[in-house]
Amino acid sequence: MRQWGMFFRQFVKHPGMIGSVIPSTQALVDAMLDEVDWDRTRLFVEYGPGVGTFTQDILRRMHPDARLIAIDLNLDFVAYLEAELVDPRLRVVHGSAADVRRFIKEAGFSEADYILSGIPFSTLPDGVGPAICAETAAALRPGGAFLVYQYSAYVRRLLAPIFAQIAERTVWRNIPPCRIFRALRAEALAEAA
Ligand SMILES: C[S@@+](CC[C@H](N)C(=O)[O-])C[C@H]1O[C@@H](n2cnc3c(N)ncnc32)[C@H](O)[C@@H]1O
């Protein structure tokens, strides 16, 4: 309940940035994270962790040698996560997902295996959504995946020009039901062809 209270207060303060009144359900978290090849993942990036609804489960599933960078624009969420989730594999960053490549470099990596986003693309200021999608594609390794959950199909038009392959489905056991997208960065050989 403390998490929900914290989340709701932030929604009242910044509705466009948060985009939802309550955190995601466990059914949505499982649907997204079941798609990940955890054995092959060494760097996972999360955009918009909020109160850590996904973050905790990512850490639970992640390899002991893997790293997680969680990026949030909201300083209150960043402070909350730093206090609540103590794990040497986690780096919580205050900033925008649009700067993901800088944050990856600062953490000592060159590219990510997976990037998962909880950002409300349809309510972001003009130009921010396309910039985040372009930066994300550049930050992923060839064959890496961008996993996105959204309450509308709006984000598809941002993903389509950039990613090689996009799969979409609906998770009904969420409030409200949610669309999830898996967008793949092209493999190097296909890119060169
Ligand atoms: C709908 S909440 C998702 C919270 C949590 N992941 C969940 O599923 O319950 C959206 C989150 O995106 C963050 N956010 C919005 N714009 C952002 C940006 N440009 N970069 C990073 N985080 C952003 C908000 O601060 C908020 O934490």
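All ligand and atom numbering here is 1-based and tracks the order in the structure.
Which parts of ligand 1 touch F54 is read off a 4.0 Å heavy-atom cut-off, strictly below it: atoms 8 (O). Those atoms of ligand 1 with a heavy atom of T53 less than 4.0 angstrom away are 7 (C), 9 (O). Per-residue contacts place I71 under 4.0 angstrom from the following atoms of ligand 1 (heavy atoms of the residue considered): 21 (C), 22 (N). Close approach to G118 involves these atoms of ligand 1, each under 4.0 Å from a residue heavy atom: 1 (C), 2 (S), 3 (C), 10 (C). Near Y149, with a cut-off below 4.0 Å to any heavy atom, the atoms of ligand 1 are 3 (C), 5 (C), 6 (N), 7 (C), 8 (O).
Evaluated for a side-chain hydrogen bond (donor to acceptor under 3.5 Å, both in side chains) with D113, the options R42, R141, R40 yield exactly one hit, R141.
Using a 4.0 Å cutoff on heavy atoms, G95 counts as a contact of ligand 1. The shortest heavy-atom distance from Y47 to ligand 1 is not under 4.0 Å.
Looking at L124 next to ligand 1, no N or O pair under 3.5 Å apart turns up. For ligand 1, the polar-atom distance check against P23 finds no nitrogen or oxygen pair separated by under 3.5 Å.
The backbone of P49, and not its side chain, has at least one atom closer than 4.0 Å to an atom of ligand 1 (non-hydrogen atoms only; backbone = N, CA, C, O).
With hydrogens and angles left out, the side-chain atoms of T55 and E46 include a donor and acceptor closer than 3.5 Å.
The environment of CD in Q165 is sparse: at most 12 heavy-atom neighbours from other residues, nucleotides or ligands sit within 6.0 Å. W38 CH2: more than 12 foreign heavy atoms inside a 6.0 Å radius.
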Open item on the list: If you apply the rule side chain to side chain contact (heavy atoms under 4.5 Å, CB included), what do you find for I132 with L124, and how did you get there?
Closed with: CA-CA 10 Å; I132 291 175; L124 295 181; 4.1 Å; yes
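Closest of all the heavy-atom pairs between I175 and T25 is N-CG2, 4.1 Å. Annotation for V93 and V78: closest pair O-CG2, 3.9 Å, computed over non-hydrogen atoms.
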